[in-house]
Amino acid sequence: MSIRIYNTLSREKETFVPGDPERVTMYACGPTVYNYAHIGNARPAVIFDLLHRVLSNRFPKVVYARNITDVDDKINAAAAQEGVSIDVITRRYADAYHADMAALGVGRPTVEPRATDHIDAIIAMIERLISLDHAYEAEGHVLFNVENFPDYGQLSRRDRREMIAGARVEVAPYKKHPGDFVLWKPSSEDLPGWDSPWGRGRPGWHIECSAMSASHLGEIIDIHAGGQDLVFPHHENEIAQSRCAHGTDTFARYWLHNGFVTVEKRKMSKSLGNTLIVHELLKQWPGEALRYLLLSAHYRQPLDWSEKALEQAQSTLDRLYGLLRDHAPAAASDEVAPDPAVTEALEDDLNTPTALAALNGLARQLAQAESGEQALLARRLRATGALIGLLQQAPADWFAQRQVAVQLSEATIEDLIQQRQQARQARDFAEADRIRDQLADQGIVIKDGPERTTWEVAAR
RNA sequence: GGCUAGGUGGCAGAGUGGUUAUGCAGCGGCCUGCAAAGCCGUGUACCUCGGUUCGACUCCGGGCCUAGCCUCCA
């Protein structure tokens with residue numbers, strides 16, 4: 001079995017063949033850090049983290065770069081509004097991004113380049129594009145010359161002429177061609193800027209990814225990934241810049257794009273004001289439940305977010321963690337291979353719904369297993385979870401995290417359970433039920449086991 | 001207007017030219033003082049109209065509907 005992925009460039013599922021199996025390279029467009037990430041921003045982070053895991057399971061070395069865009073007009077606006085410098089803004093939200101993504105089980109990429117650390121590389125790349133007649137200077141701006149790149153539009157399947165006809169924005173007068181886009185733009189005194197051959201300024205939006213990708217991964221990379229809305233113009237422009245600067249006929253061999261998270265079937269976006277902030281969601285829900293939900297639909301499909309779906313994800317995880325709690329030795333899982341059905345599903349264009357189905361099938365096997373087989377199956381369940389980025393907590397921790405919302409102390413709860421036990425032994429069931437109801441009102445669910453009574457915080 | 005993707009059981013969501021997805025909920029059973037949890041069992045699902053085929057939810061064509069991109073956006 002080989003890994004197969006859907007390539008936006010060909011609009012087909014293809015067998016993944018890296019340029020160099022000893023060093024697989026992937027780049028994903030990361031956040032622009034001017035605000036907290038919403039759940040739609042989290043989707044690609046989770047999906048491409050999973051891709052990183054799946055590739056790493058197969059290849060000895062995978063270099064995964066996910067950038068942080070820390071120079072951008074939206075950042076400037078946020079800084080101006082608060083009256084602080086941009087690095088106050090970028091540091092705050094980069095830190096929050098890391099914390100939030102960690103809560104979703106997203107591992108750190110191999111490298112996390114920042115645009116401001118690559119200004120020299122960006123300037124060098126622009127100079128090269130100018131010298132090759134792929135870019136020109138105009139009124140302090142440097143623009144990419146779309147006319148000189150015949151393949152422009154290949155990724156998004158757009159025709160340049162049609163794009164002009166359908167253009168809804170006014171074309172800047174200094175552009176030679178309406179489709180030309182900015183590589184470098186001038187900064188006024190009050191804006192962040194760097195000295196360049198074209199005066200003090202800052203990079204355009206697309207050039208940073210091209211420069212950082214080349215710096216860390218090479219001129220031709222295996223995989224470039226991002227959200228569907230980046231296909232045009234961002235990725236189209238990256239291809240144009242990179243190929244023209246390097247004189248290559250390929251920038252990335254495979255292009256992956258994730259679908260949107262929707263709310264009531266509408267795209268989640270800042271302009272619609274229907275964003276759900278990960279930072280906020282994490283105050284109410286376990287990050288792992290968010291991850292499970294994000295993986296419950298195939299990455300290229302839209303994912304409709306709802307509280308109900310989140311509850312379902314949590315219920316399912318409750319069952320899985322319950323099984324691990326009841327059967328699992330806490331032992332390490334690294335000696336056990338993940339369930340082949342799960343590996344196979346993931347290697348088939350990251351088919352996470354099928355992978356989760358197989359994970360649940362494995363759980364069922366565990367639930368039904370003879371006692372002699374339970375330990376092995378439990379370890380396999382955990383090892384399989386590790387590949388997906390799920391089920392890595394201690395079960396007790398999973399169940400314990402909901403206690404923050406509970407008013408009663410553990411001692412009080414234990415005490416009430418004791419009282420109930422005594423009532424039960426006295427066959428005073430009215431009293432026993434009263435105590436049970438009292439606890440239930442506080443969100444505590446009682447479970448009478450053969451040995452002893454346990455409790456946990458109810459799923460809401 | 002141009003280009004995409006999609007319409008599957010109560011809900012979410014895979015997949016397949018003829019055979020059980022899976023999860024959540026529901027229902028029946030076991031267990032329990034009664035429950036809960038857990039386990040077992042359980043569902044005549046594939047937008048519409050034509051076509052291809054021995055056979056289509058699955059392939060092809062038309063239609064209807066939904067969402068997205070073409071502008072900052074994951």
Side-chain angles (χ1 to χ4, degrees), chain A residues 8 11 28-32 34 37-48 72-74 77 153 156-159 161-170 205 225-234 236 257-262 264-272 275 292-293 295-306 308-320 322-323 326 345 348 351-361 363-364 367-368 423-425 427-430 432-433 436-437 439-440 444-450 453-456 458-459:
Chain A
T8 306
R11 311 282 159 121
C29 289
T32 300
Y34 70 102
H38 60 66
I39 199 70
N41 302 124
R43 191 176 193 192
V46 168
I47 295 295
F48 301 125
D72 178 273
D73 286 351
K74 292 188 289 291
S156 54
R157 310 238 160 146
R158 264 161 230 274
D159 183 284
R161 286 161 304 178
E162 286 172 0
M163 275 160 24
I164 306 161
R168 289 189 221 162
V169 252
E170 216 171 307
W205 174 33
Q228 225 158 47
D229 48 357
L230 297 183
V231 174
F232 187 88
H234 186 54
E236 195 71 71
H257 293 97
N258 64 275
F260 300 121
V261 177
T262 59
E264 286 163 10
K265 307 289 182 190
R266 303 278 307 190
K267 179 188 177 186
M268 185 181 294
S269 76
K270 281 156 193 164
S271 52
L272 288 173
T275 55
Y292 192 100
L293 179 51
L295 294 176
S296 67
H298 185 82
Y299 76 94
R300 282 189 280 113
Q301 295 307 126
L303 175 74
D304 201 44
W305 193 267
S306 70
K308 187 178 172 189
L310 205 39
E311 283 170 12
Q312 286 189 17
Q314 190 172 47
S315 298
T316 305
L317 284 167
D318 275 345
R319 205 182 91 258
L320 297 177
L323 281 166
D326 297 342
D348 180 17
N351 192 332
T352 51
T354 298
L356 292 176
L359 186 75
N360 280 294
R364 174 181 287 246
Q368 297 175 347
R424 289 178 76 202
Q425 272 155 27
R427 304 198 68 77
D428 181 359
F429 295 122
D433 289 351
R436 186 171 64 198
D437 291 345
L439 284 166
I444 306 296
V445 179
I446 298 255
K447 297 179 177 184
D448 294 327
T453 295
T454 58
W455 60 275
E456 62 189 45

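Every chain is numbered from 1 and lettered A, B, ... according to where its sequence line falls, protein lines coming before strand lines.
- Nucleotides B/G50 and B/A56, compared at atom C1', are 13 Å apart to the nearest Å.
- Separation of the C1' atoms belonging to B/G6 and B/C31 is 45 Å when rounded to the nearest angstrom.
- Taking 4.5 Å as the limit, every side-chain heavy atom of A/Phe260 sits out of range of all side-chain heavy atoms of A/Leu303.
- Of the two residues near RNA chain B, A/Arg300 and A/Ala432, the one whose nearest nucleotide lies more 5' is A/Arg300.
- Listed candidates were B/A74, B/A35, B/A14. Nearest to the side chain of A/Met268 is B/A74.
- Of the candidate nucleotides B/G6, B/C34, B/A74, B/A74 has the atom nearest to the side chain of A/Asn41.
- B/G23 atom P lies 12 Å from atom CG of A/Leu323, rounded to whole Å.
- When the nucleotides B/C24, B/A14, B/G33 are ranked by their closest atom to the side chain of A/Ser315, B/C24 comes out on top.
- If you take CG of A/Leu359 and P of B/C24, they are 12 Å apart, rounded to a whole angstrom.
- Side chains of A/Phe232 and A/Arg158 form a contact here, defined as non-hydrogen atoms less than 4.5 Å apart.
- In terms of polar N and O atoms assigned as donor or acceptor, the side chain of A/Asp448 comes within less than 3.5 Å of the base of B/A35 in a complementary pairing.
- Counting to the nearest Å, the C1' atom of B/C34 and the CG atom of A/Asp437 are 11 Å from each other.
- Applying the Watson-Crick and G-U wobble criteria (two distances, each under 3.5 Å), B/C39 pairs with B/G29.
- Note on A/Val231: nothing from the nucleic acid sits closer than 4.0 angstrom, heavy atoms only.
- Within the nucleic acid shown, A/Gly259 comes within 4.0 Å of at least one base atom, counting heavy atoms only.
- Closest-nucleotide positions on RNA chain B for A/Arg11 and A/Arg436 were compared, and the one nearer the 5' end corresponds to A/Arg11.
- Computed from coordinates, the A/Phe232 CZ to B/C72 C1' distance equals 13 Å when rounded to whole Å.
- Closest to the side chain of A/Arg424, out of B/C11, B/U32, B/A36, is B/U32.
- Closest to the A/Gln312 side chain, of the nucleotides B/G23, B/C72, B/G41, is B/G23.
- Nearest nucleotide to the A/Ala357 side chain, out of B/U22, B/G2, B/G33: B/U22.
- Among the atoms of the strands shown, base atoms are found under 4.0 Å from some heavy atom of A/Gly40.
- Annotation: B/C46 and B/G17 have their C1' atoms spaced 14 Å apart (nearest Å).
- Of the candidates B/A74, B/C72, B/C70, B/C70 carries the atom nearest the A/Arg158 side chain, counting heavy atoms from C-beta on.
- Nearest to the side-chain atoms of A/Gln301 among the listed nucleotides B/A5, B/A74, B/C39 stands B/A5.
- Taking the C1' atom of each, B/A21 and B/U16 are spaced 10 Å apart, rounded to whole Å.
- Neither OP1 nor OP2 of B/U22 sits under 4.0 Å from any side-chain N or O of A/Asn360.
- Within 4.0 Å (heavy atoms only), A/Leu230 reaches sugar-phosphate atoms of the nucleic acid but no base atom.
- The P atoms of B/G2 and B/C11 are separated by 34 Å, rounded to the nearest whole Å.
- In this structure B/U52 sits in no base pair that meets the Watson-Crick or G-U test at under 3.5 Å.
- In terms of phosphate contacts, A/Arg319 brings a side-chain nitrogen or oxygen within less than 4.0 Å of OP1 or OP2 of B/C24.
- If you check every strand for non-hydrogen atoms under 4.0 Å, A/Asp433 touches a base.
- Nucleotide B/C11 holds its P atom 23 Å from the CD atom of A/Gln314, rounded to whole Å.
- Here the side chains of A/Asp229 and A/Lys267 are in contact, with some heavy-atom distance below 4.5 Å.
- Remark: the separation of the C1' atoms in B/C49 and B/G1 is 27 Å, to the nearest Å.
- For the pair A/Asn351 CG and B/U16 C1', the computed distance is 13 Å after rounding to whole Å.
- Contact between A/Pro353 and A/Ala297 at its shortest, heavy atoms only, is CG-C, 3.8 Å.
- Under the 3.5 Å distance criterion, with hydrogens and angles disregarded, a donor-acceptor pair is assigned to the side chains of A/Asp448 and A/Thr453.
- B/G13 and B/C24: their C1' atoms are spaced 11 Å apart (whole Å).
- Residue A/Phe260 has its side chain nearest to B/A74 when only B/A35, B/A14, B/A74 are considered.
- Base pairing analysis places B/G17 opposite nothing; no Watson-Crick or G-U wobble pair with both distances below 3.5 Å involves it.
- Nucleotide B/C69 has B/G2 as its partner under the Watson-Crick or G-U criteria, with both atom distances under 3.5 Å.
- In the set B/G13, B/A36, B/U22, the nucleotide with an atom closest to the side chain of A/Pro353 is B/G13.
- Scanning both residues, A/Leu295 and A/Leu356, for their nearest heavy atoms gives O-CD1, 3.7 Å.
- B/C30 and B/G7: their P atoms are spaced 41 Å apart (whole Å).
- No donor-acceptor pair closer than 3.5 Å links the side chain of A/Arg43 to the backbone N or O of A/Gly40.
- B/C11 atom P lies 17 Å from atom CG of A/Leu303, rounded to whole Å.
- Across all strands, A/Lys265 comes closer than 4.0 Å only to sugar-phosphate atoms, never to a base (heavy-atom distances).
- For A/Thr352 (side chain) and A/Ala355 (main-chain N/O), no donor-acceptor pair under 3.5 Å exists by modelled atom type.
- In this structure, A/Arg364 reaches the B/G41 phosphate: one of its side-chain N or O atoms is under 4.0 Å from OP1 or OP2.
- Here the side chain of A/Glu236 pairs a donor or acceptor atom with the backbone of A/Gly153 at under 3.5 angstrom.
- At the heavy-atom level, A/His257 lies nowhere under 4.0 Å from the strands shown.
- Atom pair A/Leu293:CG and B/A12:P shows a separation of 12 Å (rounding to whole Å applied).
- A/Ala297 comes within 4.0 angstrom of sugar-phosphate atoms only, judged by non-hydrogen atoms across all strands, and of no base.
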